[in-house]
Amino acid sequence: MESLLSGLNPEQKKAANRLLGPVLVLAGAGSGKTRTLTYRTANLIDKGVNPENILTLTFTNKAANNMKEKIAELIGSEKANKIWMGTFHSIGLRILRANLNSIGYRNNVSIYDSADSESLLKSIITDPRIEISKKEYPPARMLSLISEMKNELIRPDEAKQFMKKNYAQTTYDPRRIVQIYKKYEELKKKYNAFDFGDLILMPVYLFKYNPKVLKFYQKKFQYVQIDEYQDSNTAQYVFSKMLSKPQNNIMVVGDDDQAIYGFRGADFRNILNFSEDFEDVFEVKLEKNYRSTKSIVNTANDLIKHNKVRKGKKSYTDNEEGKDIKIASTANNEKEGKFVVKEIQNLVNNKGFKYKDITILYRVNAQSLYIEKHLKSKSIPYEIIGAANFFDRKECQMFLNLLKFSLNPLDDLNIGLIIGYYKNNLGATTIKKLKQYSDENNIGLLETMREAHKVNGIGKKRNKYIQNFLENYLLPMEELRKEDLSLKTIINEVKNISQVERLINQMKNSDDRRENFNQLLGFIEEIIEKHEDFSLEELLEHIKLNAGQSVIDEDKSEDDNKIKLMTVHSSKGLEFPVVFVMGLEEKTFPHSFAVNSENKLAIEEERRLAYVAFTRAEKRLYLTYAKYRTKYGGGSFTTRSRFIDELLA
DNA sequence: ACTTCTTCGCTTTTT
DNA sequence: GCGAAGAAGT
Ligand SMILES: Nc1ncnc2c1ncn2[C@@H]1O[C@H](COP(=O)(O)OP(=O)(O)OP(=O)(O)O)[C@@H](O)[C@H]1O
């Protein structure tokens with residue numbers, strides 16, 4: 001059926017029609033790579049491939065949802081919903097869930113986000129029994145080390161070598177790092193929890209040690225497709241390669257000029273070497289940009305040509321010339337903010353744009369503050385994407401952790417946090433004592449609490465508090481899991497038993513917090529409505545793995561007409577009629593980290609980031625900078641970003 | 001154990 | 001110039 005692919009140009013069609021063998025689409029921004037992948041998936045199914053045999057890996061879960069919707073339009077939602085589509089992390093988790101026994105886990109796992117992982121590391125490092133200084137081994141740094149190792153598939157046994165090789169000139173003692181990493185893994189497993197890195201690393205080792213399991217998934221996933229392949233890291237590379245064997249029906253799509261996740265271990269050589277990595281690769285080049293005006297495409301090309309390490313691809317457009325891009329020099333960040341606001345008002349009042357057509361991009365999340373107050377003062381509706389997540393607020397966190405407890409009472413880290421929410425004369429010291437006892441006797445914290453009278457240093461009085469806490473809160477919530485209740489009922493019961501609303505009322509700013517909490521309940525209700533078959537585990541996973549992005553599907557209602565603010569990283573793969581890129585100054589964009597770096601390639605990654613920013617725009621692109629910028633109360637004069645100089649040269 | 005005061009450091013980006 | 005983490009007080 002040729003008409004299915006009528007939305008593609010001849011080159012795109014070639015890729016979408018090549019159903020067998022390795023396929024590489026290496027092409028510039030806005031050339032329709034994602035679109036081609038979408039249509040190809042529909043084509044596969046149309047040609048009789050069972051959707052359950054297709055694995056499509058996307059960079060965000062939001063991108064997966066968009067793609068699924070589009071495929072549903074093409075071939076119907078029943079089939080579209082059966083495709084295994086999502087991020088490496090969510091697909092990895094799905095595989096782990098089906099194989100918990102093989103890896104020594106029990107049902108109902110917790111997913112640890114960075115904050116959870118960091119508190120576990122903190123509790124390990126500050127454990128009085130092992131003398132590790134928190135100053136010398138800061139938990140946040142330890143977490144980034146461990147994630148880095150996991151991205152490289154390094155486990156505690158190989159950590160020593162890794163440290164010697166990569167961190168020889170630091171003060172870290174490799175043996176200490178191994179000790180911390182080992183303990184972290186041990187406790188995480190005891191708590192029946194996965195961190196983000198596990199979601200890719202553990203399936204890889206599962207496959208390695210269980211050839212039967214690997215075979216099962218290789219057979220299942222006859223077709224593997226990966227979007228944004230330039231930003232895959234070692235673990236992801238190995239994971240997808242393993243699954244694509246032996247049939248090698250793998251299609252990867254990406255743009256080396258848009259590789260911006262090096263900090264997460266991504267390596268764009270994965271895409272540049274793809275042709276050598278697989279045999280008989282079918283290569284498709286897409287050169288025509290469908291997204292942007294000529295002036296935007298030309299500007300982006302003029303910038304990225306300054307990078308030395310790149311494949312070098314053509315990119316042109318048949319779209320209109322469009323308005324010249326606007327480079328705005330302002331005296332200071334106040335004036336910069338005012339300029340942007342004024343321009344937004346002009347676009348909306350006189351040029352026929354809507355607020356929702358407009359997006360402001362910046363290098364780091366904190367930059368949102370520079371513009372937010374100006375938007376507020378002119379009552380321009382806006383939404384900040386990413387960064388401080390709604391679900392990370394204390395009141396949301398509390399309730400989500402309480403729900404998590406009713407799901408996975410083995411998670412002692414979580415129990416520790418929960419005890420802290422209640423000011424019931426049980427504090428950090430008591431929790432530490434209990435945890436130590438749990439550790440030494442190799443039992444769970446819940447069990448330790450039951451026999452707390454045996455714990456050294458817990459007196460009669462303290463034991464009484466502990467027993468009360470168990471009886472009033474923890475045990476009744478733990479019971480829920482065994483009762484086969486509906487998700488809605490569980491949520492209600494947890495709310496009632498925990499008296500979370502009372503806790504919120506006792507906090508400062510309780511009015512705001514109560515409102516947030518009610519909003520949380522509303523969100524949860526919406527999610528349950530949309531996914532009727534969700535279990536509690538799936539609900540919590542949905543919230544964790546979609547953090548930052550719209551967990552709740554975007555309102556298509558009136559109050560959705562808002563301008564969006566986000567980092568350039570978050571804008572990957574998206575497009576907007578109007579884009580403002582703010583703060584184009586040396587040490588802001590490019591970031592000071594890259595400017596001061598010994599590594600010359602660091603600036604190239606910043607330039608790619610700018611390239612991504614510029615190429616998000618369809619019609620209008622504004623680049624702004626301030627000659628003076630306030631920061632930390634002080635302030636200083638700035639130098640215009642080299643990226644602007646390069647455009648003007 | 002909980003509350004209030006003082007100091008510090010902030011230098012990225014996300015699943 | 002602000003929020004988190006530590007120190008000191010109750
Ligand atoms: N053949 C085509 N006909 C009409 N529109 C197209 C065609 N190809 C792509 N487009 C449109 O161009 C825009 C960019 O496409 P898409 O997002 O797939 O590009 P991409 O290469 O994945 O971009 P990027 O790498 O910048 O994220 C989309 O709005 C898409 O619908």
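Side-chain atoms are counted along with the backbone in the values below, which use heavy atoms only and exclude waters and symmetry mates.
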request  = Could you tell me the separation between the CE atom of A/M566 and the P atom of B/dT14, rounded to a whole number of Å?
outcome  = 11 Å

ask   = Base, sugar-phosphate alone, or nothing: which one does A/N233 contact when heavy atoms must sit under 4.0 Å apart?
value = nothing

Audit row: A/E336, A/Y370, side chain to side chain donor-acceptor pair (under 3.5 Å) steps and yes/no = CA-CA 9 Å; A/E336 186 194 29; A/Y370 291 117; over 6 Å; no

query = Can A/F263 be said to stack with the base of B/dT13, given centres closer than 5.5 angstrom and planes under 30 degrees apart?
reply = yes

ask   = Using a cut-off of 4.0 Å on non-hydrogen atoms, how would the nucleic acid contact of A/F88 be classed: base, sugar-phosphate, or nothing?
value = nothing

query = Has A/T567 got a side-chain N or O lying under 4.0 Å from the OP1 or OP2 atom of B/dT14?
reply = yes

query = Would you call the rings of A/Y137 and A/Y172 parallel, tilted or perpendicular if under 30° counts as parallel and over 60° as perpendicular?
reply = tilted

query = Out of A/V612, A/V579, A/T567, A/L609, which one pairs with A/L361 under the side chain to side chain contact (heavy atoms under 4.5 Å, CB included) rule?
reply = A/V579

message = Give me the distance, rounded to whole Å, that separates B/dT11 from C/dG6 when you measure between the C1' atoms they each carry.
response = 23 Å

Protein-nucleotide distance (A/L545, atom CG; B/dT14, atom P), rounded to Å = 16 Å

query = Just checking, is any N or O donor in the side chain of A/R629 or A/N333 under 3.5 Å from an acceptor N or O on the other one?
reply = no

inquiry  = Closest approach to the side chain of A/R264, judged atom by atom: which nucleotide of B/dT11, B/dT15, B/dT12 is it?
reply    = B/dT15

Nearest-angstrom distance from the residue atom CD of A/E605 to P of B/dT12 = 14 Å

key: A/R607 to A/F643 six-membered ring, cation-pi geometry met (6.0 Å, 45°)   = no

task = Measure the distance from CZ on A/R629 to P on C/dG1 and round it to the nearest whole Å.
result = 16 Å

task = Indicate, with a heavy-atom threshold strictly under 4.0 Å, whether A/A366 touches base, sugar-phosphate, or nothing.
result = nothing

query = Should the pair A/F162 and A/Y167 be assigned to parallel (<30°), tilted (30 to 60°) or perpendicular (>60°) ring geometry?
reply = tilted

query = Taking the side chain of A/S114 as heavy atoms from C-beta outward, which of B/dT14, B/dT15, B/dA1 is closest to it?
reply = B/dT15

request  = Could you tell me whether the side chain of A/D198 reaches within less than 4.5 Å of the side chain of A/Y205, counting heavy atoms only?
outcome  = no

request  = Starting at atom CD of A/E585, determine the distance to atom C1' of B/dT12, rounded to an integer number of angstrom.
outcome  = 15 Å

note = Separation of B/dC10 atom C1' from A/N596 atom CG, nearest Å, is 15 Å

ask   = Going by the angle between their ring planes, with limits at 30° and 60°, are A/H569 and A/F263 parallel, tilted or perpendicular?
value = perpendicular

key: Of the listed nucleotides B/dT13, B/dT15, B/dT12, the one nearest the side chain of A/F593   = B/dT12

message = Would A/H591 count as stacking on B/dT12 if stacking means ring centres less than 5.5 angstrom apart and planes tilted under 30 degrees?
response = yes

ask   = Just wondering, are more than 12 heavy atoms of other shown residues or ligands nearer than 6.0 Å to NZ in A/K188?
value = yes

Parallel, tilted or perpendicular: rings of A/F196 and A/H89 (30°, 60°) = perpendicular

message = Work out how far the P atom of C/dA5 is from that of B/dT12, and round it to whole angstrom.
response = 16 Å

task = Tell me which residues in residues 632-641 of chain A put a heavy atom below 4.0 Å from DNA chain C, sorted by number, or none.
result = A/Y632, A/G633

task = Could you say whether A/L609 or A/R462 is positioned toward the 5' end of DNA chain B, judged by the nucleotide with the nearest heavy atom to each?
result = A/R462

inquiry  = Considering every strand and a 4.0 Å limit on heavy-atom distances, what is the contact class for A/S147: base, sugar-phosphate, or nothing?
reply    = nothing

ask   = 5'-most contact on DNA chain B: A/T429 or A/H89, nearest heavy atom basis?
value = A/T429

inquiry  = So if I define the base as every atom that isn't primed, P, OP1 or OP2, how would nucleotides 3-10 of chain C read as a B/S/- string at a heavy-atom cutoff under 4.0 Å?
reply    = ---S----

task = For the residue pair A/M142 and A/L145, establish whether any side-chain heavy-atom pair is separated by less than 4.5 Å.
result = yes

key: A/N365 side-chain N/O to B/dT13 phosphate OP1/OP2 under 4.0 Å   = yes

task = Using atom CZ of A/R616 as one end and atom P of B/dT13 as the other, report the distance to the nearest whole Å.
result = 19 Å

message = Nearest whole Å is fine: how far is B/dC2 P from A/I431 CD1?
response = 9 Å

